[in-house]
Participant: 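Take a look at the following structure, please.
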Amino acid sequence: MKSVIRDISLAKSGKQKINWVRKNMPLLRSLEEEFSKTKPFDGIRITVSVHLEAKTAYLAKLLAIGGGEVSVTGSNPLSTQDDVAAALVEDGLDVYAWYNATDEEFNEHLNLALGYKPNIIIDDGGDLIHLLHTKRTELLPHVMGGCEETTTGVIRLKAMEKEGVLRFPMVAVNNAYCKYLFDNRYGTGQSVWDGINRTTNLIVAGKNVVVVGYGWCGKGIAMRAKGLAANVIVCEVDPIKAAEAIMDGYKVMPMEDAARIGDLFITVTGCSRVIHRDHFKVMKDGAILCNAGHFDVEVSVAELEEMAVRKEEQRKNIMGYMMEDGRWINLLAEGRLVNLAAGDGHPAEIMDMSFALQALSAEYVLKNYSNLGKKVLDVPEEIDRRVALMKLKSWGVTIDELTEEQKKYLDSWC
């Protein structure tokens with residue numbers, strides 16, 4: 001099927017971006033060398049739905065170098081970069097995506113990508129998997145399995161597994177140590193602030209920054225906020241995570257209290273309506289809201305729209321809402337993922353690890369799908385450790401190994 005993109009003439013700019021990240025993704029370069037010889041995906045159809053920017057493009061190209069027939073679409077309408085999409089098309093891949101797609105266009109793009117009758121799915125958030133199990137069930141016999149990139153997507157998959165409706169094995173790449181310890185913490189921690197700072201051009205030092213959710217992504221955001229000299233407040237529903245936040249040096253309080261004193265709010269819970277009408281009523285004039293969770297449901301934009309007596313774009317990717325009493329509340333990137341909708345996403349070196357996990361996990365599924373069952377699987381430990389060792393090698397770092405005597409000593413305690 002013919003690709004559906006915005007403008008093929010943008011390809012040169014997109015190739016520059018892809019070439020830049022390739023230079024800074026040594027793990028994928030190593031796999032590129034390996035896959036070009038072994039061709040693990042020869043004759044296999046692969047559909048990729050991940051935020052369509054340069055790092056994802058390199059992953060797609062790697063799968064194609066490995067012999068795969070690859071179709072690509074985005075996982076968020078505001079994170080697709082049209083020049084990167086054009087570059088992939090010019091290099092022979094099929095792409096169905098463009099920036100700022102309507103809901104109807106976005107769903108059409110997902111369906112077009114699935115029209116490839118994929119054998120392997122690389123998903124980010126679970127939209128492809130949801131479509132396959134609801135409206136595109138005729139394609140299920142072709143699917144061997146796949147991989148999921150995000151916390152939100154894994155939650156959706158776990159729910160499907162629990163209900164007994166999941167029809168093929170899915171590897172929870174998000175749950176690998178080399179994913180959440182680095183991507184979720186250091187990747188999200190940096191890229192969220194890259195997006196906020198690029199968009200607002202305001203100082204962070206001295207501001208009350210409210211981080212809503214203290215999972216690994218929340219930990220990374222809070223850590224970077226502290227490094228920027230903010231006063232960090234954490235809102236949580238989990239008492240263990242709340243206790244952890246206190247011991248990490250942050251204030252913890254309910255959102256109803258944080259709403260009154262916060263200058264900048266960042267939601268990262270994976271839940272819905274985390275900031276809503278009651279909070280908007282008491283926020284400071286000039287408060288800034290943004291979201292770093294996968295779906296745009298954490299800040300109740302509909303209630304904000306309903307309460308506003310005036311709405312005005314303050315700056316690119318900043319929409320201001322004036323309340324009845326004259327206060328302005330500012331929302332970044334429409335409440336979508338601020339690090340991608342208003343930035344370039346995670347640093348290349350971080351996604352190098354995550355996408356190495358994706359590529360190797362996809363290869364694992366292909367080799368073992370008939371024995372894996374219809375369930376959500378962890379990334380095999382040997383893949384996780386291989387990626388960590390590859391990363392250390394790229395830094396020129398070696399580590400100790402247990403002696404045979406030490407191994408026997410440890411085994412004696414097992």
Side-chain angles (χ1 to χ4, degrees), residues 78 100 188 191-214 217-218 221-222 224-226 228-237 242 245 250-343:
L78 291 186
N100 203 22
T188 304
S191 65
V192 162
W193 286 106
D194 287 345
I196 292 170
N197 291 337
R198 174 191 298 185
T199 302
T200 64
N201 194 32
L202 297 176
I203 196 167
V204 180
K207 284 188 169 63
N208 293 328
V209 171
V210 180
V211 179
V212 192
Y214 203 63
C217 292
I221 294 167
R224 289 290 183 263
K226 185 177 182 179
L228 290 167
N231 305 308
V232 181
I233 299 164
V234 170
C235 298
E236 249 300 341
V237 296
Y250 309 124
K251 292 182 179 179
V252 173
M253 63 184 70
M255 173 54 70
E256 61 180 315
D257 296 330
R260 299 176 184 276
I261 61 175
D263 298 302
L264 175 59
F265 298 80
I266 307 165
T267 59
V268 60
T269 67
C271 199
S272 64
R273 203 168 171 267
V274 175
I275 299 180
H276 55 72
R277 178 187 302 275
D278 293 344
H279 307 134
F280 301 144
K281 288 179 180 178
V282 299
M283 284 182 175
K284 291 180 180 180
D285 181 28
I288 297 171
L289 315 180
C290 64
N291 169 53
H294 184 81
F295 291 114
D296 57 341
V297 296
E298 302 202 24
V299 177
S300 182
V301 181
E303 289 180 311
L304 190 57
E305 295 261 2
E306 182 184 318
M307 293 173 66
V309 296
R310 182 178 166 192
K311 175 181 173 182
E312 183 178 297
E313 186 175 37
Q314 307 294 300
R315 181 178 162 98
K316 183 180 178 182
N317 276 323
I318 305 178
M319 184 59 67
Y321 296 86
M322 190 174 81
M323 301 291 101
E324 194 171 14
D325 59 4
R327 289 176 300 114
W328 284 89
I329 297 175
N330 300 298
L331 178 67
L332 307 188
E334 301 179 12
R336 299 182 185 272
L337 276 162
V338 70
N339 54 336
L340 281 148

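Counting begins at 1 with the first residue of the sequence.
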Participant: Would you give the length of the straight line joining atom CZ of Arg224 to atom OG1 of Thr188, rounded to the nearest 0.5 angstrom?
Facilitator: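 Those atoms lie 10.5 Å apart.
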Participant: Please enumerate all residues that pass salt bridge (charged side-chain N to carboxylate O under 4.0 Å, His left out) together with Arg277, with sequence neighbours excluded.
Facilitator: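 Arg277 satisfies salt bridge (charged side-chain N to carboxylate O under 4.0 Å, His left out) with Glu303, Glu306 only.
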Participant: So, for Leu78 and Ala333, which heavy atoms are closest and what is the spacing to 0.1 Å?
Facilitator: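 Looking at all heavy atoms of both residues, the closest pair is CD1-O, 4.0 Å.
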Participant: What's the shortest heavy-atom distance between Phe265 and Ala287, and which atoms?
Facilitator: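 That closest heavy-atom pairing would be CE1-CB, 4.2 Å.
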Participant: Among Asn201, Ile266, Ile288, Ile221, which one satisfies side chain to side chain contact (heavy atoms under 4.5 Å, CB included) with Ile196?
Facilitator: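 So the option named by the test is Ile266.
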Participant: How far apart are the closest heavy atoms of Val268 and Gly213, and which atoms are they?
Facilitator: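 Nearest heavy atoms, Val268 then Gly213: CG1-O, 3.6 Å.
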Participant: Keeping Glu236 on the side-chain end and Tyr214 on the backbone end, is there a donor-acceptor pair under 3.5 Å?
Facilitator: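 Looks like yes, one N/O pair under 3.5 Å.
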Participant: Once rounded to the nearest 0.5 Å, what's the spacing between atom CG of Asn197 and atom CD1 of Ile203?
Facilitator: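 Answer rounded to 0.5 Å: 10.0 Å.
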Participant: To the nearest 0.5 Å, what is the distance between CZ (Arg198) and CG (Asn339)?
Facilitator: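 Atom-to-atom, Arg198:CZ and Asn339:CG are 10.5 Å apart.
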Participant: Using the side-chain contact (heavy atoms from CB on, under 4.5 Å) rule, take Met255 and Val210 through it: C-alpha gap first, then chi angles, then the decisive distance, then the call.
Facilitator: CA-CA 9 Å; Met255 173 54 70; Val210 180; 4.2 Å; yes
Participant: Let me confirm one number: the CE-CD1 distance from Met283 to Ile261, rounded to the nearest 0.5 Å.
Facilitator: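 Here the interatomic distance stands at 11.5 Å.
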Participant: Can you give me the closest heavy-atom contact between Ala258 and Ile233, atom names plus distance?
Facilitator: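 Nearest heavy atoms, Ala258 then Ile233: CB-CG2, 4.1 Å.
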Participant: Rounded to the nearest 0.5 Å, how far apart are OG of Ser191 and CG of Leu337?
Facilitator: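 Going from the OG atom of Ser191 to the CG atom of Leu337 covers 9.0 Å.
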Participant: Heavy atoms only: give me the nearest Asn317-Ala341 pair and the separation to one decimal.
Facilitator: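 For Asn317 and Ala341, the tightest heavy-atom pair comes out as ND2-O, 3.6 Å.
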Participant: Could you walk me through whether Ile275 and Thr267 satisfy the side-chain contact (heavy atoms from CB on, under 4.5 Å) test, starting with their C-alpha distance in whole Å, then the side-chain angles of each, then the deciding distance to 0.1 Å, before giving a yes or no?
Facilitator: CA-CA 8 Å; Ile275 299 180; Thr267 59; 3.6 Å; yes
Participant: Answer yes or no: are there more than 12 heavy-atom neighbours, outside Glu305 itself, under 6.0 Å from its atom CD?
Facilitator: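 Atom CD in Glu305 is packed in, count exceeds 12.
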Participant: More than 12 non-hydrogen atoms from neighbouring residues, nucleotides or ligands closer than 6.0 Å to CZ on Arg260, yes or no?
Facilitator: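 Counting other residues, nucleotides and ligands, CZ of Arg260 stays at 12 neighbours or fewer.
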Participant: Would you please name every residue forming a side chain to side chain donor-acceptor pair (under 3.5 Å) with Asp263, sequence neighbours left out?
Facilitator: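 Asp263 satisfies side chain to side chain donor-acceptor pair (under 3.5 Å) with Lys284 once adjacent residues are dropped.
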Participant: Return the CE to CE distance between Met307 and Met323, rounded to the nearest 0.5 Å.
Facilitator: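 One finds 5.5 Å between CE of Met307 and CE of Met323.
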Participant: Determine whether a donor-acceptor pair (N or O, by modelled atom type, separation under 3.5 Å) exists between the side chain of Arg327 and the backbone of Lys281.
Facilitator: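 At least one qualifying donor-acceptor pair exists.
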Participant: With a 4.5 Å limit on heavy-atom distance, are the side chains of Phe280 and Tyr321 in contact?
Facilitator: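 Phe280 does not reach Tyr321 side chain to side chain.
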Participant: Which atoms form the tightest heavy-atom contact between Leu331 and Glu334, and what is the distance?
Facilitator: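 Smallest heavy-atom distance, with atoms named: CD2-C, 3.8 Å.
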Participant: Give the C-alpha distance, both sets of side-chain angles, the deciding distance and a yes or no for side-chain contact (heavy atoms from CB on, under 4.5 Å) between Glu298 and Val212.
Facilitator: CA-CA 10 Å; Glu298 302 202 24; Val212 192; 6.0 Å; no
Participant: What's the verdict on side-chain contact (heavy atoms from CB on, under 4.5 Å) for Val209 and Trp193, showing C-alpha distance, side-chain angles and the deciding distance?
Facilitator: CA-CA 11 Å; Val209 171; Trp193 286 106; 3.9 Å; yes
Participant: Tell me whether Leu202 at atom CG has more than 12 heavy atoms from other residues, nucleotides or ligands lying less than 6.0 Å away.
Facilitator: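 Enclosed.
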